Amino acid sequence: MQINISGHHLEVTDSLRDYVTSKIERLSNHHDRITTTHVILSVDKLIQKAEATIHVSGKDIHADATHEDLYAAIDALADKLDRQLIKHKEKMRSHR
């Protein structure tokens, strides 16, 4: 799985990069056909925003989360993506 992390009005430090990578790699436990992931971290005044697009076989999954703390936004983003991946996998399994 290839993970691209970029920052908008923000410098992506090594600790942020490691934290995002660990959260995103956790998603591969639920779905084994994740090819690429694009994560964008941004800052707008007091609101921290994290958004991601995951390319899975058959579908692109997008989610975003905002919070006052960037690490909390990344946690919320990972939870949203986790739920969407589980739902997608159940749909694929039930149609076959």
Side-chain angles (χ1 to χ4, degrees):
M1 171 173 51
Q2 180 183 1
I3 300 173
N4 297 330
I5 303 170
S6 61
H8 185 44
H9 300 297
L10 170 75
E11 181 180 342
V12 180
T13 61
D14 289 336
S15 62
L16 273 175
R17 187 176 303 278
D18 292 339
Y19 192 73
V20 170
T21 303
S22 67
K23 291 291 183 178
I24 297 297
E25 285 179 348
R26 181 179 63 128
L27 299 175
S28 63
N29 294 336
H30 294 291
H31 205 288
D32 57 346
R33 297 205 178 174
I34 299 173
T35 56
T36 60
T37 303
H38 299 284
V39 179
I40 300 172
L41 306 173
S42 62
V43 176
D44 293 327
K45 294 188 181 181
L46 299 176
I47 302 296
Q48 314 286 331
K49 183 176 181 181
E51 56 184 294
T53 303
I54 293 180
H55 300 284
V56 187
S57 60
K59 189 173 184 180
D60 291 342
I61 297 173
H62 179 77
D64 61 348
T66 58
H67 199 271
E68 294 174 355
D69 181 26
L70 189 57
Y71 289 99
I74 294 168
D75 287 338
L77 174 71
D79 291 339
K80 287 181 181 182
L81 288 172
D82 193 29
R83 286 192 304 266
Q84 287 184 13
L85 278 173
I86 291 171
K87 185 176 179 181
H88 174 67
K89 190 173 182 180
E90 288 175 357
K91 280 184 178 181
M92 295 297 290
R93 189 175 293 164
S94 66
H95 288 293
R96 289 186 179 179

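Along the sequence shown, residues are numbered consecutively beginning with 1. Not measured: the values here are computed from a predicted model.
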Is there a path of hydrophobic side-chain contacts, each under 4.5 Å between heavy atoms of I/L/V/M/F/W/Y residues, joining Leu77 to Ile3? yes

Under a 3.5 Å threshold, yes or no: a donor from one side chain and an acceptor from the other, between Thr53 and His62? yes

Please report the shortest heavy-atom distance between Asp69 and Gln48, naming the atom on each side. C-CG, 4.0 Å

Would a 4.5 Å heavy-atom cut-off, applied to side chains only, mark Thr66 and Asp44 as touching? no

Group every Ile, Leu, Val, Met, Phe, Trp and Tyr by side-chain heavy-atom contacts under 4.5 Å, then state whether Met1 and Met92 land in the same group. no

Could you tell me if the side chain of Ile34 sits less than 4.5 Å from the side chain of Leu85, heavy atoms only? yes

Side-chain heavy atoms under 4.5 angstrom apart, residues restricted to Ile, Leu, Val, Met, Phe, Trp, Tyr: same cluster for Val20 and Val43? yes

Using the rule given for side-chain contact (heavy atoms from CB on, under 4.5 Å), can you reason through Leu81 versus Ile24, listing the C-alpha separation, both sets of side-chain angles and the distance that settles it, and then say yes or no? CA-CA 9 Å; Leu81 288 172; Ile24 297 297; 4.2 Å; yes

Membership question, hydrophobic clusters at under 4.5 Å side-chain separation (ILVMFWY): are Leu10 and Ile40 in the same one? no

Report the C-alpha separation of Leu16 and Ile74 in whole Å, then their side-chain angles, then the decisive distance to 0.1 Å, and conclude whether the side-chain contact (heavy atoms from CB on, under 4.5 Å) test is met. CA-CA 9 Å; Leu16 273 175; Ile74 294 168; 4.1 Å; yes

Distance col, row His55:NE2 vs Thr36:OG1, nearest 0.5 angstrom, shows 4.0 Å

Could you tell me if the side chain of Lys49 sits less than 4.5 Å from the side chain of Ser42, heavy atoms only? yes

Would you give the length of the straight line joining atom CD1 of Ile47 to atom NE2 of His67, rounded to the nearest 0.5 angstrom? 9.0 Å

The test is side-chain contact (heavy atoms from CB on, under 4.5 Å); show your working for Val56 and His88 and say whether it passes. CA-CA 9 Å; Val56 187; His88 174 67; 4.1 Å; yes

Please step through salt bridge (charged side-chain N to carboxylate O under 4.0 Å, His left out) for the pair Asp79 and Arg26, ending with a clear verdict. CA-CA 10 Å; Asp79 291 339; Arg26 181 179 63 128; 3.7 Å; yes

Rounded to the nearest 0.5 Å, what separates atom NZ in Lys59 from atom CD1 in Ile54? 11.5 Å

Test item: Thr37 and Asn4 side chains (from C-beta on) under 4.5 Å apart, heavy atoms: no

Under 3.5 Å, is there a donor-acceptor pair between the Asp75 and Tyr19 side chains? yes

Where is the tightest heavy-atom contact between Ala76 and Ala65, given as atom of each residue plus distance? CB-CB, 3.8 Å

What one should report as the nearest heavy-atom pair of Ala78 and Leu27 is O-CD2, 3.8 Å

